[in-house]
Amino acid sequence: MIENLVIVESPAKAKTIERFLGKEFVVKSSFGHVRDLAKKNLGIDVNNEFKPEYIVSVDKKKIVKELKDLAKKATTVWIASDEDREGEAIAWHLQEVLNLDEKKIKRIVFHEITKDAILKAIENPRSIDTNLVNAQQARRVLDRLVGFELSPLLWKKVKPSLSAGRVQSVAVKLIVEREREIKAFDSKSFYKVSGQFFTPGENQLLKAELSKKFNAVEEAEQFLEKCRDSEFLVNSIEKKPGKKSPAAPFTTSTLQQEASRKLGFSVAQTMAVAQRLYESGLITYMRTDSVNLSGLAISTASEEIKSSFGDNYLKIRKYKTKAKGAQEAHEAIRPTYISNRTIDGKSQEKRLYELIWKRTIASQMSDALLERTNINISISKSSEHFIASGEVLIFDGFLKVYIESTDDDIEEEAKGLLPPMKENAPLQYKSIEATERFTSPSARYTEASLVKKMEELGIGRPSTYAPTISTIQNREYVIKETREGLQREITILTISGDNTDSAIGKKLKKENFGSEKSKLFPTDIGSIVNDFLQQHFVDIMNYNFTASVEKEFDEIAAGKTDWAKMIGTFYGPFHKKVDDTMETSEKSKGEKILGDDPATGKPISVKIGRFGPMVQMGEADDEEKPRFASLLKGQSIETLTLEQALDLFKLPRSLGQYEDLEVTVAIGRFGPYAKHNNKFYSLQKEDDPHTVTLERAIELIGIKRVEEKNRIILEYKDEPGLLVLNGKYGPYIAFNKKNYKIPKSKTPAELTLEECKEIIEKTPDKPSRKRKK
DNA sequence: CAGTGAGCGAGCTTCCGCTTGACTT
């Protein structure tokens with residue numbers, strides 16, 4: 001007999017709590033949800049008030065049995081799952097599965113894992129909030145209906161094994177739309193003017209920028225012309241105080257963003273490292289949307305700040321969450337023991353821990369105080385002004401430990417101290433430059449900036465950000481890639497104060513632009529699926545869909561709406577639309593007509609084929625069979641031009657004859673190759689299949705033949721198909737398209753044919769490897 | 001290792017949100 005059984009969601013949490021409570025308490029974990037909708041079919045009876053069919057998940061059978069046994073023996077069972085919608089549902093499912101007298105079960109909640117908080121919770125038990133449970137059931141059922149009705153539609157109309165859902169489809173949409181926005185962006189050039197000035201007799205330089213930007217090179221030229229015989233004057237000096245405040249403590253989303261920017265971690269990597277830190281008891285729970293710190297955390301942080309930096313660095317702050325739909329069942333992510341500035345562990349763990357430590361400490365520190373100075377410089381022959389701005393740090397405050405990064409990669413020049421100046425003092429210029437710049441489109445998403453956007457829209461939860469990002473990449477809707485940029489030429493106009501008589505200097509400079517590092521790009525399939533869903537299911541694809549159903553879930557939680565009724569209102573029209581689309585819509589291949597082949601006049605189109613994106617020349621019902629060619633890596637249906645398509649049809653290409661047989665070049669699955677006598681010879685990086693010569697192909701054939709010859713250690717006259725070869729992993733025997741390992745006891749170069757045959761016979765048939773989930 | 005693009009059909013795929021190990025190479 002045990003006195004009390006306490007059930008929480010996470011085993012790490014169970015371990016800590018067990019330490020706080022006495023011997024009369026056994027603390028166990030449910031490992032999250034214990035039941036879910038049946039996986040076969042829908043798992044929902046749509047004709048009977050959407051009655052869900054719940055089953056104990058396979059991986060939870062063991063734990064459920066254990067909890068059942070313990071619960072039977074206990075006098076009281078305390079269900080202490082999180083205080084949010086999912087937590088309440090977990091509590092209800094547990095109650096159902098444990099199948100106990102209701103009087104034996106008590107529902108408790110606590111927000112801090114301290115002895116006091118837990119004992120207080122135990123003094124104030126309540127019963128399970130059925131309305132909140134119903135809100136969760138509505139959420140679960142809606143997601144299942146959307147996912148399990150839209151996905152099969154895609155299998156039929158686009159490609160098997162695809163998926164769609166309330167969250168993932170909108171995440172893909174963000175990326176598809178951003179890509180189109182970037183492709184459609186019309187970059188405009190403009191001129192930015194900056195100058196270097198000095199007070200006669202002094203040698204300190206004052207850098208200043210013109211607030212006006214010029215759109216045409218002529219305007220910039222005219223302005224510099226005016227500057228050349230202008231007088232410059234310090235028009236005004238303005239000083240004003242400024243301050244910077246620290247960012248809130250980490251949530252899952254902000255941790256993922258900062259770990260990506262500062263440490264270069266992927267979203268999944270951040271979560272895996274954080275999980276290890278959590279399990280070692282070093283940080284609090286890492287899946288949270290709360291920016292709140294416990295009283296204990298704030299007081300230990302205060303101590304740490306006072307002793308390390310001094311009283312004037314301390315400023316206790318309460319942060320409020322801005323995220324839509326935040327449920328705040330946990331604390332913010334922080335070190336468990338704030339006095340530990342560093343930890344032992346792997347390099348990744350140390351770095352992430354230090355980031356969390358700094359962010360937590362900084363959040364309770366004073367503002368940084370600055371003095372900002374603007375010097376306004378007038379130009380006698382123009383009404384424009386140059387402005388020099390500087391910034392001096394008066395008090396560093398939280399900046400002593402932590403500076404938050406931003407996504408904007410616009411290099412902001414470090415503003416520093418300005419040289420001393422007097423109002424109305426005359427200035428001379430050392431040089432004035434007009435530099436050509438270009439307007440740029442919104443940046444492509446990184447994994448972390450996509451999470452940030454999803455959080456803003458209220459789509460997804462802390463526990464699903466990382467898995468969702470993985471799903472859309474696994475389905476190949478989206479690909480994370482580094483792409484090289486392009487080069488462009490910019491014009492720089494200069495006048496020099498040392499030589500006021502000479503003409504305006506003009507030089508051209510090359511600059512790189514548009515390169516992307518680890519950014520998310522939509523694939524052809526991603527775009528096609530997005531357009532298909534957008535065309536037929538606008539409501540679900542709307543960025544506000546989640547926010548609006550969340551409002552209805554809140555109504556259910558408040559007991560104002562019946563959950564099955566709410567689902568019914570949604571499902572009626574939705575299901576009809578699914579049926580209609582299944583019946584009437586054509587298969588979606590993303591087909592685009594590019595134009596006609598100038599040589600034959602046949603139409604050329606691009607679309608998704610059985611093996612991926614391809615171009616087609618001619619129609620299927622023509623007398624002559626149409627020609628096909630796959631798109632190359634990096635090309636996409638959306639952006640392929642007729643010219644590029646024609647290039648694709650130039651292969652395979654015949655180079656001529658060698659040893660009485662034809663040599664051809666083409667591009668295969670593994671890149672460009674030359675083919676001769678049914679043997680393949682890979683082209684090298686420097687070879688272009690469109691221009692490579694017969695001579696070069698023959699050279700490659702020669703090289704490979706020598707290599708092949710060197711591979712052969714032994715061959716036998718009596719058995720031409722049996723060879724002893726030198727491979728990547730050492731010598732081996734090749735026979736009948738199978739490879740055999742040579743025992744260590746034998747010297748490969750001395751093997752006789754008989755010995756080889758013996759080895760082959762003794763080698764057992766390898767069972768063909770089967771793919772398991 | 002190496003261009004494939006027909007059609008039929010069985011049997012499979014799929015959602016979101018809680019939580020961590022456990023299959024093998």
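To find a chain, count down the sequence lines: A is the first, B the second, and so on, and within it residues start at 1. What you are looking at is a predicted structure, and each value in this text was computed from that prediction instead of being measured.
The side chain of Arg140(A) places no N or O atom within less than 4.0 Å of a non-bridging phosphate oxygen (OP1 or OP2) of dG17(B). Proximity of Tyr285(A) to the phosphate of dT19(B): a side-chain N or O atom is located under 4.0 Å from OP1 or OP2. The phosphate of dG17(B) (OP1 or OP2) has a side-chain N or O of Thr464(A) nearer than 4.0 angstrom. Between Gln136(A) and dG17(B) there is no side-chain polar atom (N or O) within less than 4.0 angstrom of OP1 or OP2. Residue Arg166(A) places at least one side-chain N or O under 4.0 Å from the OP1 or OP2 atom of dG17(B). For Ser463(A) and dC18(B), the shortest distance from a side-chain N or O to OP1 or OP2 is below 4.0 Å. For dT19(B), neither phosphate oxygen OP1 nor OP2 lies less than 4.0 angstrom from any side-chain nitrogen or oxygen of Arg461(A). Close to dG17(B), at under 4.0 Å from its OP1 or OP2, lies no side-chain N or O of Arg85(A). Phosphate contact (OP1/OP2 of dT14(B), side-chain N/O of Arg475(A), threshold under 4.0 Å): present. One finds a side-chain N or O of Gln275(A) lying less than 4.0 angstrom from the OP1 or OP2 phosphate oxygen of dT20(B). Phosphate proximity of dA2(B) to Ser682(A): absent, as no side-chain N or O sits under 4.0 Å from OP1 or OP2. Contact annotation: Arg35(A) side-chain N/O to dC18(B) OP1/OP2 distance is not under 4.0 Å.
Evaluation of atom-type donor-acceptor distances gives no pair under 3.5 Å for the side chain of Ser163(A) against the base of dT14(B). Between the base of dT19(B) and the side chain of Ser30(A) there is no donor-acceptor pair shorter than 3.5 Å. The base of dC16(B) sits within donor-acceptor range of the side chain of Arg139(A), with an N or O pair under 3.5 Å.
For the pair Lys173(A) and Tyr543(A), the cation-pi test (distance below 6.0 Å, angle within 45°) is passed.
Checked against dC16(B), dT13(B), dA2(B), the side chain of Trp155(A) finds its nearest nucleotide in dT13(B). Distances were taken from every side-chain heavy atom of Pro11(A) (C-beta onward) to each of dG17(B), dG5(B), dT20(B); the shortest belongs to dT20(B).
Within the nucleic acid shown, Gly165(A) comes within 4.0 Å of sugar-phosphate atoms alone, with no base atom in reach, counting heavy atoms only. If you check every strand for non-hydrogen atoms under 4.0 Å, Ser10(A) touches sugar and phosphate atoms only. Residue Tyr465(A) is classed as having no contact, given no heavy-atom separation below 4.0 Å to the nucleic acid. Across all strands shown, Gly87(A) has no heavy atoms under 4.0 Å from either base or sugar-phosphate atoms.
Ring stacking holds between Phe611(A) and dT4(B), with the centres under 5.5 Å apart and the planes within 30 degrees of each other.
One interatomic measurement links the two molecules: NZ of Lys39(A) to C1' of dC12(B), which rounds to 14 Å at whole-angstrom precision.
Checking His330(A) against Asp82(A) by side-chain atom types alone, a donor-acceptor pair falls below 3.5 Å. A donor atom on one side chain and an acceptor atom on the other are found under 3.5 Å apart for Thr600(A) and Asp597(A).
Under the rule for a side-chain contact (heavy atoms from CB on, under 4.5 Å), the partners of Lys61(A) that lie at least two apart in sequence or sit in another chain are Val56(A), Val58(A).
With a 6.0 Å radius and a threshold of 12 heavy atoms from other residues, nucleotides or ligands, Lys607(A) has its NZ atom above the threshold.
For DNA chain B, if you chain together Watson-Crick or G-U pairs that step i with j, i+1 with j-1 and so on, you find no run of at least three with distances under 3.5 Å.
Pairs passing the salt bridge (Lys or Arg N to Asp or Glu O under 4.0 Å) check and including a residue from residues 131-155 of chain A, sequence neighbours excluded, read Asp36(A)-Arg140(A), Glu86(A)-Arg139(A), Arg139(A)-Asp143(A), Asp143(A)-Arg166(A).
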Requested in this report: Show your reasoning for whether side chain to side chain donor-acceptor pair (under 3.5 Å) applies to Ser161(A) and Arg475(A).
Outcome: CA-CA 8 Å; Ser161(A) 300; Arg475(A) 297 262 177 275; over 6 Å; no

